[in-house]
Amino acid sequence: MTTASPSIFGGAWTILRARWHVARNSFWRGKITRKLSTVLVALVLIALSYGLYTFSKFIVRGLLHIEEIAPQLTEQFGSIDRFFAAVPSIILTLFSFPLLLSSISFALSTLYLSRDLDTLLVTPVPVRSVFLARFLEGLVTTYLLFFALLAPALAGYGQALGYSFGFYVALFFVLLLLPLLPVSIGALLTMLLVRFIPAKRLRDVLTVVGGLFGFAIYVGSQLLTREDFATPQNAERLLRFDVPALPTSWGARVMVAAGTGDLQTLLIFGSLYLLSTLGLFALCVVLAERLYYTGWVSMAGTGGGRVRRRAQRELTAAEGRSTGTPLGAILWRDLRVLPRDLQQLSQLLFPLAISVFWIWRVITDSQFNRATLGAPDAFADTTLVGMGLFVCVLIASHLGLTGLSREGTTIWLLRLAPISVWTILWAKWLLAWLPFPVIGTLFVVTLGLLKQLAADQLIQDWLLVMITGVGVAGITTGLGASFPKFDWQQPNKMRTARASCLGTILYFVYTGLMLSLVSGARFAAEMWGNWTYLAGWGTAIVLTLLALWLPMLLGATRLRNLEL
Amino acid sequence: MSNGNPQPMIAAQGLRKEFNQNIAVSGVDLNVWGGEIFGFLGPNGAGKTTTIKMLIGLLKPSAGNAFIGGHNIQSDPIAAKSLLGYVPDEPYLPEKLTAREFLQFIGGLYRIPAADIQRRGEELLKLFDLQDHGDELVGGFSHGMRQKTALAGALLHDPRVLFLDEPTVGLDPRSARLIKDILRQLAARGTAVFLTTHILEIAERLCDRVAIISGGRVIAAGTLNELRQGSTGQSLEDIFLSLTGGAEYAEIAEVLA
């Protein structure tokens, strides 16, 4: 029996309908908490939309009527109209850039790394249908953000400037077509890149690039001061985002022209906008027939990679002694795997980069140095220890909360092995504690030497960091083992909400208590004698033992009862 | 069949498992002695994998006990697990480890001395024709290669009991034959082998005894001759279908064809 092959749009509709059924079933048959949280998110979005609309209208009306600001704007730009006319273009351009970056990542995961692709691409459905369905699927979240956030803000802007109804109609169509541009470019780039770089490797690289990008934004926010923003030149710089040659600028002109009744501008830029967005989209779909399929089949031949044989042989003999115990074997395995898994490593990239950045700033930036370490001794010590702890806690929280979840579908190996659950937990605890002796020591020693602390003070600060690390690692490891998640597909989805929320609250409270106990004891000793200092430390150690033992006990109980 | 051994290496006593008031396995009793290959057969969803998981400790029985080498898997898990090896039907292995590193990891979990891990690991890699792939990441392996790597890991510590869930699925004929030969050799050395399979020819040729489970209950158990006496069919397939039902599906198959 033979069947007629569906059309491109028919095939895409079939695939999209199936995805709709999946989404609908996930919601209707999901737990009540999931349904409630979905409804809550929807309500928050609606409230946010209204808030943005109101805020935008208020700001624009305020700027129009604030006499002291208006003359400055007039002096800067020649006319207020030009400034306000540039706002939609600037916003659309600024929104499109991150969308381009995220669309590459999304195209990669939906076009090449989705698990149902083998099933889809062997059916007699045109490849373009699969591509089209995936492409449109990717637009859903974008449209949600655009129409929930961007549209209300621009609608408020139009309302404040008194644009006619045409502005809002044009706004709808401009936002409807706008995502086609960056998403098409992202899809085309992805299809081209996958021909040369394996999809999984490309995903790992993009994850690292994303992490570095986030770090760059953080560094920028740290290095730029408020004074850097409050200059007249910045307004001119912002106007540069209104690039007449960009389709986002054409879309903005379409909206403004529709709002002011400028038919000629509307027709010219409307045609350009339609041609560019729909044209690029059409080009993408046409090229997908060849580019997409060849990229997908080339994935079949890519292997998992190879480790150099000579290094492997030498290490095996040397590591034999340390990995001969189950705890050593688990720790060694985790230390081996983490650097190889770029996606997991990227989760640690941000806190590691922050620690390096802060040390560099303390060494080179005298202003930062004064702000952080220029305070009286006791506060400077607390700041010093606090900085070190913060970075280590960031890393430890990730390592600990995902300790057991990282096993994923291979958890059966540990549960089957003749080892107690405590062996597993201690191995995970050790890994979570490792940032404290390594990075914590580096932090405390470096900053302590810069501050020229006395040796005994330095040792006490170092001990505080190590001991606090014991508790933090216990909290994160225990909670990670109590609420694990093994069916994750991406490393950033390894944590459960319960573990994350509980863990964050507990280890920040615990860290705060530890700092307070020891710092407070130092002050108290000056008034009431050394016994208060010892009492403070003693209490801190007892608190640490509790922070270590109780979560780990919970984790062990849950792990013992874990069924696979 | 006890082979003179007083104690079965695998013993299930009244094993029962419920999932949300659905009874997956109900009252499974069986014994497997060292040196025999025991086949555990049943239709899809009959409870084979659930039974195996209760026997090896990955699931906690709702009732009953499971013993490995005389050790209760629930109350004395470490002693029991140190005797057994397991190869699942879908072997999920750490993708970012090489095959050699995987064996080293397994060796560490079972407290095997480093020199023995090295020696035995290389022997197993050579046996399964994986020596040239020993430094490749497991993530790049085919299903068959993963299956063989998982089997190498299960055999590394020389288990007294070996559980295999669909051991030949995804293997080429040469590898499947190799597995069968290895299982026979293990049994000859006194290891108890417990395997599930849908391929009845394998069970017919390989197994000393079989048990057939359907709807969570063991409905027949014994040697092939014993099963034939209780049934009209001659082949294991006939016996299996007559016990579990299936002849009525022939009409449906004709319609679909």
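Residue numbers start from 1 in every chain, and the chains themselves are labelled A, B, ... in the order their sequence lines are given, proteins ahead of strands.
Heavy-atom neighbours of B:R217 CZ from other residues, nucleotides or ligands within 6.0 Å: at or below the threshold of 12. Counting heavy-atom neighbours within 6.0 Å of B:R119 CZ, excluding the residue itself, gives a total above 12. Atom CZ of A:R560 sits in a crowded spot, with more than 12 heavy atoms from other residues, nucleotides or ligands closer than 6.0 Å. The local environment of NZ in B:K126 is sparse, with at most 12 non-hydrogen atoms from other residues, nucleotides or ligands closer than 6.0 Å.
Two residues are said to be in side-chain contact when any heavy atoms from C-beta on lie closer than 4.5 Å; B:F102 and A:R333 fail this criterion. Here the side chains of B:K17 and A:E563 are in contact, with some heavy-atom distance below 4.5 Å. In this structure, the side chains of A:I330 and B:L109 come closer than 4.5 Å at one or more pairs of heavy atoms. Contact of the A:L413 side chain with the B:I106 side chain is registered, since non-hydrogen atoms from C-beta on lie closer than 4.5 Å.
Of the two parts of A:S420, the backbone and the side chain both hold a non-hydrogen atom closer than 4.5 Å to a non-hydrogen atom of chain B. If you measure heavy-atom distances from B:K53 to chain A, the contacts under 4.5 Å come from the side chain alone. For B:P77, no part sits under 4.5 Å from any heavy atom of chain A, backbone or side chain.
With hydrogens and angles disregarded, no donor-acceptor distance shorter than 3.5 Å links the side chain of A:W332 to the backbone of B:Q104.
In this structure, the separation between CG on A:L416 and OH on B:Y86 is 8.0 Å, given to the nearest 0.5 Å. In this structure, the separation between CD on B:E90 and OG1 on A:T409 is 9.0 Å, given to the nearest 0.5 Å.
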Practice task
Before giving the answer on side chain to side chain contact (heavy atoms under 4.5 Å, CB included), spell out for B:K81 and A:R415 the whole-Å C-alpha distance, their side-chain angles and the decisive distance to 0.1 Å.
Solution key: CA-CA 9 Å; B:K81 287 175 181 177; A:R415 290 291 287 126; 4.1 Å; yes
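Between B:Y110 and A:P418, the closest heavy-atom pair is CE2-CD, 3.2 Å. Summarising the geometry of B:K60 relative to A:N561, their closest heavy-atom pair is NZ-OD1, 4.1 Å, with the distance given to 0.1 Å. Heavy-atom minimum distance, B:G108 versus A:A329: CA-CB, 3.7 Å.
Options B:L97, B:I56, B:L93, B:L84 differ in how many heavy-atom pairs under 4.5 Å they form with chain A, and the most are formed by B:L97.
Salt-bridge check for A:R340 with B:E95: failed, with every basic side-chain N at 4.0 Å or more from each acidic carboxylate O.
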